[in-house]
Amino acid sequence: MKKIFNGSALLPLLAFALAMLIGGLLIAFSDAKVLALRSEPWEMVKAGAATAWNAYVALFEGAFYDPNLARQGGGQGFYPISETLVVAAPLILAGLSVALAFRAGLFNIGAQGQFIFGAIGASYIGFTFELPPLLHIIVAMLFGVFIAGIYGGIVGLLKAKTGAHEVIVTIMLNYVASYLLLWLLKTQAFLREGRNDPIAPDILESARLPKILGSEFRISVAILISLLVAWLIAFLLNKTTLGFRFRAVGANATAARTAGMSVAFVTTSVMIVAGALAGLGGALNVLGGEYALTVGIAGSFGFDAITVALLGRAKPLGVVLSAFLFASLRVGGQMMQAKTDTPLDLVLVIQALIILFIAAPALVKALFRLKNINSSTGMAAKGWNG
Amino acid sequence: MSVELRGITKSFGSLVANDAIDLKVEAGKIHAILGENGAGKSTLMNILFGLLQPDSGEILIDGERIQVNEPSDALSAGIGMVHQHFMLIPVFTVAENIVLGHEKIRGVGTLDLRDARTQIMEIAKRFNFEIDPDALIEDLPVGVQQRVEIIKALFFNAKIIILDEPSAVLTPQETDELLNVMRELKKQGKSIIFITHKLREVQEVADEITIIRRGKVVGKAEPTATQEELASMMVGRPVDLEVAKKPFTPGAVILKISDLKVTDNRGRPLVSDINFDVRAGEILAVAGVQGNGQTELARAILNLEPHIYGSISIDGNEIVGKTVNESLESGIAFVPESRELDGLISSFSIAENLILDTFHSAPISKSGILDLERIRSNAEEYTKQFDVRLQSISDPASSLSGGNKQKVVLARELTRPVKLLVASQPTRGLDVGSIEFVHERILAERDAGRAVLLFSNELDEVMALADRIAVMYHGSIIDIVAPSVTRNELGLLMAGVKGKSA
Amino acid sequence: MRLSAGNAFPIGFAHASPNVRTNPSGGNKLKRSTRLIAVAVAASLSVLGVTAPASAANTKACLALDTGGVDDKSFNASAWAGAQSVANKSTTVKYLVAQTDADYAPNIKKLVDEGCDIVIGVGFLIAGALEEAAEKYPNTNFAIVDGGGSGDSNHKGLLFATNQSSFQAGYLAASYSKTGVVATYGGMNFPAVSDFMDGYVKGVAYYNERNKKNVKALGWDPEKKDGTFVGNFSDQAKALQISKQFELQKADVIFPVAGGLGGATAQNAMTSKQSVVIWVDSDGVIAVPQYKSVILTSVLKGVGTSVAQVIKDQRKGKFSSTSYLGTLKNKGTGLAPFYDFNSKISSKVKRELKLIGARIINGSIDL
């Protein structure tokens, strides 16, 4: 027990409970049926609790396991968690991109743009060329990763050579990527036959990632690739000299420089890797789930990645877990809307609350008057200059 | 006003920082609390000032028990504190910094500083301070900034002022001024709690001395006690403050600097016309008032400065224009001026800090993969060899005391195959025991036939260790003299007055 | 999650990712094996009584909305209003909003799993996902607003010949213009949008031809099938910028075909007093009464009517896959009343508009 109190396990649990409580109140009070019982407070409390409970059950069922679907057989009960994993895969990679840069002291706001570049590259190879199946996937993925890596590397190079602040540069490059995508989708090379709206041709079968649970489920090897990459990044950070350089520069650039490390080299190379990671996310999203490049291909993955990375304390395992949390809220939230008529906006509010409470342990500590809990708030609270 | 602490105990995890400490400070007295770094002095004062809560024990003011939950409680009880690291905002004026948090607002959010300014002038007059309330903090020398902190305490009517290691950041002259200020405060009836580990200062001003070691009060001493006596009580064993030095037997020239010039980004010279050699088995100490180019010269030798002209050679190999890493590899051990900023990565483990400049090659890593087992054994070996007091080599470096941090830096730098040791202010802010250790190591390097270039602002240190002394003034070396020079002669050189050379 | 795409992230990335509604999953056909499984699943569902289409006493009609949400004051809102108008004891209606484009297919699946008898996709962008679903779930009926039928017997298209009414609107705009310049712009270039713009510009041309005038129409080129587009349905700033550009080019009647973005144009017209607006989809004077004073008329699109009709058919067990086409003739599209502008439009023009309507219906004006 003492371990729990001293460690960081208690805080997220309390944060989660608190977010659920406040969210539950919101759900209850937004329900007209509950409000109608104002004259009978006890009945109102009961009805409110029931409403909130149902909403959370829907959230859970929508994100993990749905007993109603299970009756269809064929493992359909697990369809929700398969969907969660579909969303989690690109999010893990984009989150790793932000987290890795963060460990080297850089705030990569540009995961969105890098994600888009990866998607463009993979999609172009995926629908243009006809190659043998496995080779096609690899070439498409690598090309997306390659151009996204260059796109990220530009940021690092600019920072290293001119001192341009990476936050400004990445924000601007996000615009460039978004509008470049918009423009590309109107060009002949990317226009789908018979369509005027910005949607690229479908990815050829040979370039689509193999599904791992049969065609009834959308889940593909993308999730396995992203977990493998997360492990690789953990290895890179903790076991390699390159990772040591990244971490050293991130933790104290002047000391790293005094010890003979080249900050310019680290800045450039970490941004190349970060770009490649987000780009792989984009490539997997288009090859493993969406199958066609559209303007909305990146959704808000690149931005959610920032929260995912901070929530995951910029550690690979943390990123995997927080991406999974994000994805389950995202997927489950949709079910909450479908099943219980909780308005979408409220679903988003609850999702944000959960993230907020988990990201702000100091707040939770204050609310519960906990003292001396040693939580590593450093990462989430760290400033722009890391 | 007198203050009494009774049975104060405070522990952090398994570490007991304060163990049933009793302390009584009489009104109108300067009470020195002497102890090595990490002895628990700062913890005790943070408890008195309300920054930390004791596990047990009580605080009494004039015999009345009071509850100090936060600094504002301490302030209203008449306790003021001047921290080792100033709590000032550089871009604000003196007056603004003093009223910070208690501003008066006039009209639509305009700051009303008139009253504050008058009050500050009054305080300055009463205590014989010279201060311009409208000067920006960043334009003021460190000594004056410290005075602003003291005025701040007085501004809030503090009757007991805690000075936490106040001389750590000061030059010898500034320290003398500080001691005068303390005497003046005492004369006007203030009580002062003076936290320090500097024996000379204690002897000069203290009325009462309490010595703390490992969280416990180990005794009291009279101001008449000798430095050796005080140091022994602090360290817990007999201490010999004399440095034992073997005879000087210089070898071949290792470091040769000719016509060196270092400029800033706009081309203004920071260091110019530097010419000197350091031989194997020799300690060349560079003395001077802080800010006369010593920092830049030291950094230039490692190619850390961006604009370097002229020649620096190590054992005959030119290194100007090389990378920092190449400079290190050419045989330089570098102990930077600031352990916290340049020497260590605080959040990294001790083991990782020990490989900061050797991680990239065998045996620490092979083809880009770190050998974690090797890093561990490396750390075990070096921390033992350099007597680093630690709980675990995987603890962050920030968990170490100043002396142990410096030992980690030394362990890393001196275990590489080097020809030259460049040490910048290697004992700054260290306690007696650690200073002793660092001095021994530096002498050992010299005796082992390495060249040593020592930058130090501590005259005693320079005179005790050096085989030759170079004095820097306004970016140049004004003279190189023998260690037999008098303190007075050195002082004149440091002020730019060149008389007869040695 | 939509935490950051401009909604909650504090640094202001709103425009970094154009929030465009697009079709996420194209039209990839399912393999035969999938269909077999789907049939089997659906059959087992029927056995369990989860859904029993047509024969059930209770009808459950569900709308899969796009990312615009239910309050978009445009076709999502119209569709939901239409559905609500036919809800009764034996008919329950519900909707599901997509958070992002990637939600379309999963959302449709959710509605099918929920036991909806008919799933109506609202908006062209959702068409691809709905078509796939129709193939996959043969026991559920599907209808798509702004899309054609796929040929499957459980899939119905709901289309609107909005070029007809827009033609009238173009004629009206040309006659109303004092500067001799009128304009239109769209959200994105796809048929459900460009039909309006095309009809509008052709209506202006018709006016010029009949009256020997030379009114210019900006924003759409019927030859190239391209024109002025915001690129999405959410960027108010860009819509405003386009509207101002048109005014600078002397346009005094602007026809925004971009859902709720028309509000930006109307707002601009309110302050500049240099132009009037033709509202799109629903009657602007009712939907956005605050802009009443600058709304010349509205080009109506009977989304609500058609959705209501489809649900009624479903309830009676009369669902048919024959596409519905809203025209001037069946009042599936048309011009709204002129309200404040009634007195400013000459009776001659009103007569001609009626005549044009008749000619379109009888085919003597060929669009």
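No hydrogens, no waters, no symmetry mates; every other heavy atom, side chains included, goes into these values. Every chain is numbered from 1 and lettered A, B, ... according to where its sequence line falls, protein lines coming before strand lines.
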Between [atom1] on residue [X] and [atom2] on residue [Y], distance to nearest 0.5 Å:
| X | Y | atom1 | atom2 | result |
| --- | --- | --- | --- | --- |
| A:Phe244 | B:Ile369 | CZ | CD1 | 14.0 Å |
| B:Arg299 | A:Thr258 | CZ | OG1 | 6.5 Å |
| B:Asn303 | A:Arg257 | CG | CZ | 9.5 Å |
| B:His360 | A:Leu242 | NE2 | CG | 13.5 Å |
| B:Asp342 | A:Thr254 | CG | OG1 | 4.5 Å |

Heavy-atom pairs under 4.5 Å with chain A, option from B:Leu344, B:Leu302, B:Thr358 with the top count: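 Looking at each of B:Leu344, B:Leu302, B:Thr358 in turn, B:Leu344 comes out on top.
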
Residue, of B:Asp357, B:Asn353, B:Asp371, that accumulates the most heavy atom pairs under 4.5 Å with chain A: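 Most heavy-atom pairs under 4.5 Å with chain A: B:Asp357.
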
Minimum heavy-atom distance A:Ala251-B:Ile345, with the two atoms named: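 For A:Ala251 versus B:Ile345, the nearest heavy atoms are CB-CG2, 3.3 Å.
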
Heavy-atom neighbours of B:Lys322 NZ exceed 12 at 6.0 Å: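 Yes, the 6.0 Å shell around NZ holds more than 12 heavy atoms from other groups.
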
Whether over 12 other heavy atoms sit under 6.0 Å from B:Gln391 CD: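 Counting other residues, nucleotides and ligands, CD of B:Gln391 stays at 12 neighbours or fewer.
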
Derivation of the side chain to side chain contact (heavy atoms under 4.5 Å, CB included) call for A:Thr241 and B:Leu370: CA-CA 6 Å; A:Thr241 55; B:Leu370 295 169; 3.8 Å; yes

At a 4.5 Å cut-off on heavy atoms, which part of [X] comes close to chain A: side chain, backbone, both, or neither?
| X | result |
| --- | --- |
| B:Leu304 | both |
| B:Ile355 | both |
| B:Thr323 | neither |
| B:Leu372 | side chain |
| B:Phe359 | both |
| B:Leu356 | both |
| B:Arg412 | neither |
| B:Glu326 | neither |

